[in-house]
> 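Here it is, the structure, as C-alpha cells.
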Amino acid sequence: MERLASHTVERNRAGRTARLFLLGDACFLVVVGVLSTLTMQLAHEWQWGFLLAFTGGMALAMIVQTLLALLVAPLLGSIESMVPSMLVAMVSPMSVCALHAIGCEPGTWVAGALGAAFGVGTLSFVMIYARASRRWTAIAFPGG
Amino acid sequence: MSRIWAWRAKFYDVCEGSQLRRGPHKAALFQEMSGRVLFEAVGTGVDIQHFPPGRDITAIDISDEMLRRARPRAERYRGRLELVRMDAQHLSFPDECFDTVVTACTMCSVPDPHRALREIHRVLRPGGQLLMFEHVRSRNRVLGLALDLMTIWTRWSGTEMNRDTLRNVQAAGFCITRVESVYLDIILSIRAEKMEKLRRPASARGKHGDVVRI
Ligand SMILES: C[S@@+](CC[C@H](N)C(=O)[O-])C[C@H]1O[C@@H](n2cnc3c(N)ncnc32)[C@H](O)[C@@H]1O
C-alpha cells in the first residue's frame with residue numbers, strides 16, 4: 001500500500017515536471033520563432049535586394065537562434081533546446097522570404113505572428129513525435 | 001583532441017551542469033549499476049550526483065582538465081570512486097574484469113565509437129551489462145537532417161550529433177535488452193548485455209569450440 005502511494009506521488013511529480021518543461025519549450029520556441037522571423041523581416045526592410053536579404057537574413061536568424069538556445073540550455077537542456085529551435089529558425093524566416101518573393105510584403109506584426117505560429121507548430125510536432133518515439137522504443141525493444 | 005576537451009571543460013558546467021531535465025533519467029539508469037563498475041567519460045563529474053551510493057566505480061576520461069574539475073564531486077561520493085585518465089579506445093584493463101560499464105554522452109565524443117565499443121566488450125564479463133545514456137541521430141528525416149547540419153560545426157568541438165549508436169552497439173556483439181526515449185528518438189537510455197558464452201556438448205560443438213547465445 002505504502003509502495004503504491006509513493007509510486008503515485010513519484011508519478012505525479014514526474015507529470016508536473018514534464019508539464020513545466022512543456023511550458024518552457026513552448027515559450028522558448030515561440031520566442032525563437034518570433035525573433036528569427038522578425039530578423040528576416042528586418043533584413044528585407046533594409047532593401048538589400050532579395051538574394052542578399054535571404055542569405056544575410058538566414059545567417060542572422062541562425063545566430064539569433066543559437067544565442068537563444070545557449071541561453072536556455074541550462075534550464076531546458078542543450079539538445080532539447082538546440083534541435084527544435086533550429087527547425088523553427090530555418091523554416092519560419094523562409095516563410096517571410098516566400099511572401100516577399102510573391103510580392104506580398106508582410107508587416108512586422110504579420111511576421112511576428114507567423115514566427116509564433118511556426119513555434120507552436122514545431123512544439124506540436126515535437127509532442128507528437130515524442131509519443132511516436134516512446135511507442136517505437138517500446139515495440140522495437142520490448143524489454144523497456 | 002584532449003586539448004579541445006580541456007578548453008570545453010571551462011564552459012561545460014554552464015550549459016550541462018544543471019542536469020534539470022536529464023538528471024532523473026540518468027539517476028534511474030545508474031541505479032542499475034552493480035558489481036565492479038567502469039564509467040566512461042566522466043567529464044567534469046556532473047553525473048556523479050546521480051550515482052547510487054555504495055558502489056565500486058572506476059571513472060575514466062581523456063582530459064586532465066575535466067578530471068581536475070570532477071575531483072571535488074568525486075570526493076563527495078558515498079562509495080568507492082576512482083578517477084583515472086584513460087582513452088576509452090585503448091583501455092588498459094584486463095579482459096572481463098567489470099560487471100557493469102556505463103557511458104553518458106560518450107559515444108558522441110570518442111573519435112572511433114566502434115573501437116570504444118569493442119574495448120567495452122573486451123573488459124566486460126560475459127553476462128555483464130552495458131548502461132548507456134547517449135544522444136544519437138534521429139530516424140526522422142527532418143530531425144536527422146538538422147542533426148547532420150549541426151554536426152558540421154559541433155564536430156569542431158569534439159561532438160558528433162548523428163551517430164547510429166544502437167546499430168554500433170549491436171555490431172559490437174551486445175544484445176540490447178531495453179531502450180527508453182528520454183527526448184524523442186534522439187536522447188536514449190539504453191541497456192545492453194554482453195552475451196554469455198555457452199559451452200555446447202562436444203558432439204554439438206563447431207570448429208571454434210565456444211558458441212555464443214543470441
Ligand atoms: C559530452 S562530455 C560527457 C560528460 C558527462 N558524461 C556528461 O554526460 O555530461 C564527453 C566527455 O568525453 C571525454 N572523451 C572524449 N574522448 C574520449 C576518449 N577517447 N576517451 C575517454 N574520454 C573521452 C571528454 O573529455 C568529455 O569529458
Side-chain angles (χ1 to χ4, degrees), chain A residues 10-11 13-25 28 58-59 62-63 65-91 121-123 125-144, chain B residues 11-29 46 105 108 129 133-151 153-154 157 159 161-162 166 169-170 175-193:
Chain A
E10 196 79 357
R11 271 185 57 168
R13 191 182 302 148
R16 225 176 11 246
T17 315
R19 279 195 293 279
L20 277 176
F21 278 121
L22 187 65
L23 185 69
D25 285 346
F28 170 62
M58 275 316 282
M62 295 314 287
I63 291 171
Q65 172 262 331
T66 306
L67 291 178
L68 287 171
L70 288 176
L71 202 71
V72 300
L75 258 172
L76 299 179
S78 51
I79 292 169
E80 297 89 332
S81 55
M82 198 58 92
V83 175
S85 64
M86 191 168 171
L87 293 188
V88 179
M90 277 193 323
V91 181
T122 305
L123 181 78
F125 164 69
V126 166
M127 284 168 68
I128 293 167
Y129 196 59
R131 221 180 237 200
S133 300
R134 279 194 297 271
R135 217 177 14 231
W136 166 67
T137 54
I139 292 168
F141 304 94
Chain B
F11 312 99
Y12 196 79
D13 286 357
V14 180
C15 273
E16 309 286 353
S18 81
Q19 297 281 304
L20 275 178
R21 198 166 197 164
R22 301 181 197 166
H25 298 278
K26 282 187 173 178
L29 181 70
V46 293
C105 300
C108 58
Q129 56 174 351
F133 190 93
E134 296 288 341
H135 59 87
V136 303
R137 189 181 192 277
S138 171
R139 295 174 320 129
N140 177 278
R141 277 199 204 145
V142 180
L143 291 172
L145 181 69
L147 290 162
D148 290 341
L149 290 175
M150 282 168 77
T151 301
W153 53 273
T154 59
S157 64
T159 304
M161 305 292 295
N162 57 356
L166 285 177
V169 168
Q170 284 170 324
C175 169
I176 297 178
T177 55
R178 191 190 62 218
V179 177
E180 278 169 18
S181 147
V182 174
Y183 181 71
L184 309 182
D185 58 352
I186 299 175
I187 304 180
L188 301 175
S189 168
I190 305 162
R191 187 185 178 281
E193 249 172 51

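Naming convention: chains lettered A, B, ... in sequence-line order (proteins, then strands); numbering from 1 in each chain. This is a predicted model, so every value here is computed, not measured.
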> Less than 4.5 Å to any heavy atom of chain A: does that hold for the side chain of B/R21, its backbone, both, or neither?
both

> Given that the side chain runs from C-beta out, which part of A/L76 has a heavy atom under 4.5 Å from chain B: side chain, backbone, both or neither?
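Contact with chain B involves both backbone and side-chain atoms of A/L76.
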
> Heavy-atom distances under 4.5 Å only: say whether B/R191 touches chain A with side chain, backbone, both or neither.
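The answer is neither part of B/R191.
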
> Rounded to the nearest 0.5 Å, what separation is found between the CZ atom of A/F125 and the CG atom of B/L143?
4.0 Å

> What is the distance from atom CG of B/L184 to atom CZ of A/R134, rounded to the nearest 0.5 Å?
9.0 Å

> So what's closer than 4.5 Å to chain B heavy atoms on A/I79: side chain, backbone, both or neither?
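For A/I79, backbone and side chain are both near chain B.
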
> Is B/I187 close to chain A through its backbone or its side chain, or both, or neither, when contacts mean heavy atoms under 4.5 Å?
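When you check distances to chain A, only side chain atoms of B/I187 fall under 4.5 Å.
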
> Among A/P74, A/A18, A/A73, which residue forms the greatest number of heavy-atom pairs with chain B at distances under 4.5 Å?
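Heavy-atom pair counts peak at A/P74.
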
> Take B/I190 and A/F141, measure what side chain to side chain contact (heavy atoms under 4.5 Å, CB included) needs, and give me the verdict at the end.
CA-CA 10 Å; B/I190 305 162; A/F141 304 94; over 6 Å; no

> Please look at B/I186 and chain A and tell me whether the side chain, the backbone, both or neither of the residue comes under 4.5 angstrom of a heavy atom of that chain.
side chain

> Select, from B/V14, B/I176, B/N140, the one with the greatest count of heavy-atom pairs under 4.5 Å involving chain A.
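Result: the option with the highest number of such pairs is B/N140.
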
> Need one label for A/V126: side chain, backbone, both or neither, based on atoms under 4.5 Å from any heavy atom in chain B.
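When you check distances to chain B, atoms from both the backbone and side chain of A/V126 fall under 4.5 Å.
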
> Measuring heavy-atom distances to chain A, does B/L147 have an atom under 4.5 Å in its side chain, in its backbone, in both, or in neither?
side chain

